[in-house]
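First up is the structure itself, then whatever we jot down about it.
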Amino acid sequence: MKVLLIEDNERLAGFVRTGLMAAGFVVDLTGRVDDTLAAIATARYDAIVLDLGLPDGDGMDVVKAVRRPGGATPILVLTSRDGLRDRVDSLNGGADDYLLKPFAMEELVARLKALLRRPGHVLGMVLICGNLAFDTVARETRIGNQPVALSRRELDLLELLLRRAGRVVPREAIEDSVYSIDDEIASNSLEVLVHRLRKKLQTEQATLKIHTLRGIGYLLSDDAS
Ligand code: CA
């Protein structure tokens, strides 16, 4: 698995590169937007780890360049603690996940692996995660082969989270996809919906969990894997 690491802080770049290599990744390293755009144009990467603050521009330009031709390469953004807006914007702009600096190398590796595992979860029209199977055509959910009754909105929410399992889904993206513009949405509508879905999953002993990232969004993971 080949990773492009974009980080202009030399010490941090060296530390992350060493950690990624120890975890078995092949790593290319760049520290500027222009070098990065050149690297992306010539090589194929399985994933990108991106610092947003670069000396010659904004890391978001890299996200845009990767996504513009419909590129689906997973992108994990590294960002500082004070930039909540940065994190939301990067996720809405096409990044798949983010990690706050400072972070533990183990966590970066775990998140990267989750991003890389994602395509394997999709089997034709049935999305599978842990002991749950979601038939996207019949719109039926089964947990351990038992059908689970979910409302239309709960199904919409679950499908969105399943399609992006292991990644953070920003709340704005969820609201966009679960509610229509005519729906009256109270400020806590989404929390209530997530709470109901969580409860049903729990009751049926699903192995997957919906994690809340306060102020940002939600992440679905299979805790049994
Ligand atoms: Ca930087």
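Please read these numbers as outputs of a predicted model, since none were measured by experiment. Every heavy atom of this structure was used, including side-chain atoms; hydrogens, water molecules and symmetry mates were not. Residue numbers run from 1 in the order of the sequence given. Both counts, for ligands and for their atoms, begin at 1 and track the order of listing.
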### Carboxylate-amine/guanidinium proximity below 4.0 Å for R139 and D156
yes
### Query
For the Ca ion (ligand 1), does an N/O/S atom of D51 lie at less than 3.0 Å?
yes
### Query
What's the atom name of the N, O or S in D8 nearest to the Ca ion (ligand 1)?
OD1
### Query
Any N/O/S of G53 under 3.0 Å from the Ca ion (ligand 1)?
yes
### Query
When you check the gap from the basic side-chain N to the acidic O, do E106 and R111 get nearer than 4.0 Å?
no
### Query
Should the heavy atoms of other residues, nucleotides or ligands under 6.0 Å from CE of M21 be counted, would the total exceed 12?
no
### Message
Are L100 and M60 linked, directly or through intermediate hydrophobic residues, by side-chain heavy-atom contacts shorter than 4.5 Å (ILVMFWY only)?
### Response
yes
